[in-house]
Each structure stands twice: as C-alpha cells, then as structure tokens.
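Lettering follows sequence order; numbering is per chain, from 1. Because the structure is predicted, anything quoted here is derived from the model rather than measured. As a basis for the values below, the full set of heavy atoms in this structure was taken, side chains included, without hydrogen atoms, waters or symmetry mates.
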2 protein chains.
Amino acid sequence: MKRLTKAERQENLKERLDEDPFLIDRELAELFNVSIQTIRLDRLELGIPEVRERIKSVARQASSKVKSVQSEEIIGELIDIQLNDGGISILESTEELVLEKSKIVRGHHIFAQANSLAVAIIDADAALTGSAEVRYNRPVYVGERLVAKAKVEKIKGNRFYVKVETKINGESVFKGEFIIFSVKDDLMNREG
Amino acid sequence: MKRLTKAERQENLKERLDEDPFLIDRELAELFNVSIQTIRLDRLELGIPEVRERIKSVARQASSKVKSVQSEEIIGELIDIQLNDGGISILESTEELVLEKSKIVRGHHIFAQANSLAVAIIDADAALTGSAEVRYNRPVYVGERLVAKAKVEKIKGNRFYVKVETKINGESVFKGEFIIFSVKDDLMNREG
DNA sequence: AATTAATTAGTAGCAGGTCTTAAAATGAGC
DNA sequence: GCTCATTTTAAGACCTGCTACTAATTAATT
C-alpha cells in the first residue's frame, strides 16, 4: 500500500478498527506502511484506545448484546404513533432475519414487527396480545424495507382491535388483525 | 472467606471465572485468600488461560453470537418430529424474551416458537407461512417452560394446515392454526 | 533558508501475565 | 517427636502491547 495522507490514513484507520478491533499497532503500522509511533499518534488524535481496551469493550457488550438484540421491546423503528389510534414502523430486512438457504425473511419476524407495533400504540401501562389472525401475501427477501401500518379499529373495555398491514414499496406483503389487552399493574405483578 | 481445600478452591475458581472472565489473578487471590502464585498454579492445572485470553475469546464470539441468536432457524429446541405429521419443541423463557417491566414473555416469541415448529415439520425444501390464527390464553412469565406441540391436520396440494398448542405444565397458554406452503426451489430463487 | 507539520526513534515505566527454580509451610503417617 | 509428600509462597528473568515523554529527522510550505 502506498503512502496516504495523514487524513486519509486516519479515516482508513477508523474503518479498519471498526471492522476488526483486534488489530495491534504493529499490524496497523505494517498495513499503512508507517512506523508504530505514527499509528499511536493517530490513535491518540482520534481518541481510539489500545487494543486490549477495544477487545474488553467488545467482550463487555457480548454478554449484554445478546440480550439487547433479542429483547428489543419494539421490533423495527417506530416512526409515527398516535396512541389508541395508529402508528407506523419500519424494519429493514437484514441477513439476520433471513432463512439461510432461500434468503426469505422468516415469518415470525414480520409477525414480530406487526405485533410489537400493535402493542406499542396502546395507551396503557402494559398491553398483551390476546389473539391474532395474520396472512402472508408474498415472501420477503433480504434488503426489502418493511413498512408496517397499524390502525386501532375498535376499543371494547380493555380490548383493542388492531389491524396491521405491512407493505414493501406499496405492495402488501402481510396483513394481521390483533386483539390486544391492556393490563393493570396489579394483575401483572401476580406470581406466574 | 476461610481457606478451602485445593479441590474445593479449584472447583470454585472454575465457576467464578465462568461467571466473570474479567477477573485477574490478584483479585482471585484476594477472593480465595491465597497468594497469586497459588492461583496461577490452579489455572495451570485447570488449563484456564490468562485474563486477556479469556476476554479475547469472549469478544471473538461476540460478533458471531449476535448473528446466531437472531438467525436461529428454529426457535426453541426440537425434541420430537414426524415429518408432515407432528412435532414438539421446548422453549425456556429466559430474561431475554421478556418485557422488562412486567417480566411477561413478549407475544411474538411464543408465536415464533409455534411458527418455526409448524414450518419445521413440513417435509419440503422450504416452507413458508401463509397465514396464522393465534390465541394467547394467559401471560407467560420468566422461567416457565413452553412446550409447543404441532399437528398437521390436513394437506391440500402444497398447503399444510398445522395446529400448534403451547402448554406450561399441561396448562394451555397458546393456540395457533397455521397454513404453511411448501415452496419449490425455482420459485424461491427468483429475485425479490 | 526558515518555519511548520508530520513522522520516526528512543527511553522509562506499567499491567498482567509466563516460565523456572527454590524455599517455606502444612498435613499425614508412623 | 520426626519424616516425607503435598501444597503454598517467593523471587527473578522475560514477554507483549501498550502509555508518556523527549528528541531527532524528514517532508511540505511559505
């Protein structure tokens, strides 16, 4: 690799370490064909910690990350919401959501987006899904952008009837009708 | 902490480091009230690497783990299966599956278990969920063991009608009826 | 040529080890 | 008590991958 300017090198450095935080200064020095001191200066200027600290922070997140990925309360990104009325969420279909062979998004992820949206728009301490009726209109592939739109159709006591339709570029790929219950705190704190 | 025997200490050491791989020898020495040398001997005998290596291996798994958790093709553990007939899967409800406040398992996880089971029992190159009708009978709390039982009710061409019931200690908590489509490979390889 | 910016070199020191050799301490058996 | 094996400490040299600092060298720029 030919010599880059300082600015280029530092940009590149950031990316490299983002991809692979295990790289030590010596390896980076060889990579950019500069001295180790230069790399250390770069890290200093960029506020990038040493390799052992980088690894530590990756490891620290490791335990909690498994949690945070799975335990997102809402699947997808809430972009609009009117409590007890409606809402919209967007989910990018990434590799993680997909069947390895066919690259088709597993159905339960589409359900999860719709279900968590339906729950989210309920104005209550907590809401639980009581039942759902869903239909998948066509398979969803990696990279497609799932836009779920929820609408509260009817409210009867603590029962909320919510319709969700998920579209890709305006094409309907999923429809669901959910019955959501709002739950009082005292009910929830009972021992399971 | 009073002095333990060598064997006790070593057992204990393994557990400790399993819980918290970040512990350095000095901390362990204080913990067990022995010298650092003793801890090092213990690690040597037990084949436990030094703290930096332990952290590294945690970090190394981190990147791949995020993927593997989410992209499991089957949610829960398949413990019995008869293709095109029925199957059983078990899912332990851990903290990761749960709403933070209420400690109730989010509905889409229960759906995911049932749905992936329904798909798994279909004898085909690939199977996709066409529609589902589900009912949640009662909230599921952390620690409860979800046993999902699927039964193929009817087959019509490439349409499979599958009923899934999920129970905890024999008590029904979830029922679902799924229509699953088996898919031919050429259909799946079309560009999305 | 003079000045400034960027790079390289060199030294001391640190954390958390390894590996080796050797000396104590402890416990069990007689 | 004494003896012997096990267990525990201790001490020293060396290692990696740094930090922190000082100083020298090498481009660029004016």
inquiry  = Does dT7(C) have its OP1 or OP2 closer than 4.0 Å to a side-chain nitrogen or oxygen of R40(A)?
reply    = no

Side chains of S172(A) and N137(A), donor plus acceptor under 3.5 Å = yes

ask   = Any luck finding a side-chain donor-acceptor pair between S89(A) and E77(A) under 3.5 Å?
value = no

task = Return the nearest nucleotide to the side chain of R52(B); candidates are dC18(D), dA15(C), dT9(D).
result = dA15(C)

Length of the CZ-C1' vector between F32(B) and dT7(D), whole Å = 16 Å

query = So F111(A) and F178(A), would you call those rings parallel, tilted or perpendicular, with 30° and 60° as cut-offs?
reply = tilted

query = Using a cut-off of 4.0 Å on non-hydrogen atoms, how would the nucleic acid contact of I36(A) be classed: base, sugar-phosphate, or nothing?
reply = nothing

request  = Mind checking the CZ-CG spacing from R106(B) to L99(B)? Nearest 0.5 Å is all I need.
outcome  = 5.5 Å

inquiry  = Side chain of S35(B) only, heavy atoms from C-beta on: which candidate in dA10(D), dG16(C), dA9(C) is closest?
reply    = dA10(D)

ask   = So, is the end of the K154(A) side chain (NZ or CZ) under 6.0 Å from the ring centre of Y161(A) and within 45° of the ring's axis?
value = yes

task = Using only side-chain N and O atoms of T38(B), determine if any of them is under 4.0 Å from OP1 or OP2 of dT9(D).
result = yes

inquiry  = Looking only at the side chain of K6(A) (C-beta and beyond, no hydrogens), which of the listed nucleotides dT9(D), dT7(C), dC18(D) gets closest?
reply    = dT7(C)

key: Residue closer to the 5' end of DNA chain C, P49(B) versus R9(A) (nearest nucleotide)   = R9(A)

request  = Specify the residue among R26(A) and V34(B) whose closest nucleotide of DNA chain D lies further upstream toward the 5′ end.
outcome  = V34(B)

remark   = From CD of E50(B) across to C1' of dG17(C) the rounded distance in Å is 5 Å

query = Over how many whole Å does the gap from L23(A) atom CG to dC18(D) atom P extend?
reply = 10 Å

remark   = Taken to the nearest whole Å, CG/L44(B) to C1'/dT20(C) is 12 Å

Separation of atom CD in E8(B) from atom C1' in dT7(D), rounded to whole Å = 15 Å

key: Listed nucleotide nearest any side-chain atom of Q37(A), set dA6(C), dG17(D), dT8(C)   = dT8(C)

request  = Give the rounded distance in Å between these two atoms: CD of E30(B) and C1' of dT8(D).
outcome  = 17 Å

query = When we call it a touch if two heavy atoms are under 4.0 Å apart, what does R43(A) touch: a base, just sugar-phosphate, or nothing?
reply = sugar-phosphate

task = Report the distance from atom CD1 of I39(B) to atom P of dG16(C), rounded to the nearest whole Å.
result = 15 Å

request  = Starting from P on dT26(C), measure out to CG on L4(B) and report it in whole angstrom.
outcome  = 16 Å

